[in-house]
Amino acid sequence: MTDEKLDQILKQALAPEINDREIQVHSRRKGKMRKFGKMGKAVAAAAAAAVIGVGGLGYFDPVLAAKIPVIGKIFEKVEDDVTYSGDYTDKGTVLTNEDYEGNLDTADYSVLDKGITLTASEVYCDGYSIFLTVNIASEDADFTHIPEHYTGMNIADNRTAAGFYIGGTWSVDESSPEQLENTFEGEVIDGHTFVGMLKVNLTEKTVGGGELNLNISGLGYDDDRMLDGEEISASHWTDGSWNITLPFKVDETEVKTVEVGEKKGNITLDNVVISPYQVIVHATTPGEQRELTDDRREKLLSKDPDMTDAEMLELLGWSYEPCQTICFDQDGEMLYSDMEIAGRAGFAVQGKEIKTLYIFIFDNLDDWAQMEREGMDSSAADKAVIFKEIHVE
C-alpha cells in the first residue's frame, strides 16, 4: 500500500477529529512501526489516533496502587478498553497472583532485565490465538506520558487504551520462531507500572494446549511530550532479554466453525471461526505457499541485503495475496478489523453477541475502503467478489 493510499484511508477514518499534522506525524512513525509490529487497516487508523495523548486521564497514587493487587486480575482491569475486549471472567488460566503487599505467588513467570520486570499474569487460548496479560514495571520509568489510541470502531465510542511496543520472537512447543507482531495494549497504573494484553495469532489451529515461548528482545513506548518530533515511535526503547515459557490450554467451549467452501473468481471462502473475542475469516487465493530454504534465501540476500522474506516469496511467485475483507453483524454494525494476512482476516467481537455475519471479500482496495467508509449499504457491496451471510447457531 502506498503512503498516499494509507494517508487517504486514515483521513477518511479519522476526520474531522484528526488533523493533517497528526496524519503526518503518523507517516513519520510508520517506517519504525513496521520494525516493532505490523498493523491492520483499522488498527493503523487507531494507532494514528494515539496523538490524543493522556490529557485528563487520572493515574493511581503509586503507594495506593501497591496496596491493590493487580497481577492475576489484569483481564478484569483492561477487558473493557482493549481492541479484543469482552468479558474474560472465568476465561483462561491465572499464571501469577499478587497479594496486597505486592508479593507474587510464583517467580516462574516473572523476568527482570535492564531494570524492567515483565510478569505474565493470565493466559487464554481459543485454538487460533493466545491472549496473554502482563505487568510491566520499572522504577526508572515514567509511564504517565504514554499516549492512548482509539480501540473502538468509532471515535464517538470514547474507547482508548495505552500501548507498549514489543520486539522479539515467539514459538509454540517445537515450532519455528515467529516475529512478535502486536503490542501490549492496556492501561498505565502509575508512573512505574503498565498492565496490558498481547494477542498472538497462531500459525495453525492448536488443540489441547502447549507451551508459549516468548523471547523478548526489546520493550518501548511513545511519549506524548515528543509529538512534534520527527521520530516519536518507541522514543523510550530498551534492548534486553525477557525470555519466558508459559503453559496454555485451548478452550473450545464457545468456539464455532462454519464451513463454507465457496469459490468465486480467484477467491475461495473456506470457513469462518467465531470465538468469544474474535471472528476469523479463512480465504485463499491462487498461488503456491512454500518455505524458503536457507540456501535460496542466502542467494537472494546476496543480490539485495535488505530484502524481506515476504519480498523474496513475492519475487519467486510463491506467496498468496491477501484479500480485502469486511464483516458486519446482524445489526449492520461493522466489526473492528485487525491485521489481514494471506489466508486469514481477523475481527474483534468487542462484546457483541454474534448471531449473523455478513461477509464481503474484495480484490480491490478502493472498493473495500469505500464500503468501510459508507457502511453495509454502500454501493461498493455489488463489487465484492464474494458475499456470504453466515448464521451462527
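Note that the structure is predicted; figures quoted are calculated from it, not measured.
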If you look only at distance, which donor and acceptor atoms sit under 3.5 Å apart when one is on a side chain in residues 116-124 and the other is two or more places apart or in another chain?
| from | atom 1 | to | atom 2 | distance (Å) |
| --- | --- | --- | --- | --- |
| T119 | OG1 | S110 | OG | 2.8 |
| S121 | OG | G72 | N | 2.7 |
| E122 | OE1 | I74 | N | 3.0 |
| E122 | OE1 | F75 | N | 3.0 |
| E122 | OE1 | T133 | OG1 | 2.7 |

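- For K249, there are no salt bridge (Lys or Arg N to Asp or Glu O under 4.0 Å) partners two or more places apart in sequence or in a different chain.
- Donor-acceptor pairing under 3.5 Å is recorded for the side chains of T144 and D142.
- A search for salt bridge (Lys or Arg N to Asp or Glu O under 4.0 Å) contacts involving K205 returns E252, not counting sequence neighbours.
- A donor-acceptor contact closer than 3.5 angstrom links the side chains of T160 and E148.
- By the side-chain hydrogen bond (donor to acceptor under 3.5 Å, both in side chains) test, T245 pairs with N213, sequence neighbours left out.
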Q: For side-chain contact (heavy atoms from CB on, under 4.5 Å), just list the numbers for V78 and E185, CA-CA rounded to whole Å, side-chain angles, deciding distance to a tenth of an Å, and then say yes or no.
A: CA-CA 8 Å; V78 305; E185 194 178 54; over 6 Å; no
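- Side-chain polar atoms of D222 and Y165 form a donor-acceptor pair below 3.5 angstrom.
- Every residue meeting the side-chain hydrogen bond (donor to acceptor under 3.5 Å, both in side chains) condition with S378, not counting sequence neighbours, appears here in chain and number order: E374.
- Crowding of D331 atom CG: a count of heavy atoms from other residues, nucleotides or ligands under 6.0 Å exceeding 12.
- Within 6.0 Å of the CG atom in D173, the count of heavy atoms belonging to other residues, nucleotides or ligands exceeds 12.
- Side chain to side chain, T253 and D251 meet the donor-acceptor criterion of an N or O pair below 3.5 Å.
- For K388, the side-chain contact (heavy atoms from CB on, under 4.5 Å) partners are V260, E262, L269, I390, not counting sequence neighbours.
- Applying the ring pair (Phe, Tyr, Trp, His ring centres under 6.0 Å) rule to F347 yields no partners; only residues at least two apart in sequence or on another chain are considered.
- Between F328 and F360, the ring planes are perpendicular. Angles over 60° get that label, and only those under 30° would be called parallel.
- Between the side chains of Q324 and D363, no donor N or O sits under 3.5 Å from an acceptor N or O.
- In this structure, R225 pairs ionically with D223, as a charged nitrogen and a carboxylate oxygen lie closer than 4.0 Å.
- With sequence neighbours excluded, the residues that form a salt bridge (Lys or Arg N to Asp or Glu O under 4.0 Å) with K383 are D367.
- Residues passing the side-chain contact (heavy atoms from CB on, under 4.5 Å) test with D81, sequence neighbours excluded: none.
- Considering all non-hydrogen atoms of both residues, C323 and E340 come closest at O-OE2, 2.7 Å.
- In terms of the side-chain contact (heavy atoms from CB on, under 4.5 Å) criterion, residue partners of V349 (sequence neighbours excluded) are, by chain and number, V279, K352, I354.
- Within 6.0 Å of the CD atom in E174, the count of heavy atoms belonging to other residues, nucleotides or ligands does not exceed 12.
- A 6.0 Å sphere centred on CD of E259 holds more than 12 heavy atoms belonging to other residues, nucleotides or ligands.
- In this structure, the salt bridge (Lys or Arg N to Asp or Glu O under 4.0 Å) partners of K199, at least two apart in sequence or on a different chain, are D338.
- Under the rule for a side-chain hydrogen bond (donor to acceptor under 3.5 Å, both in side chains), the partners of S241 that lie at least two apart in sequence or sit in another chain are N243.
- In this structure, F143 and Y221 have perpendicular ring planes: the angle between them is above 60°, well past the 30° mark.
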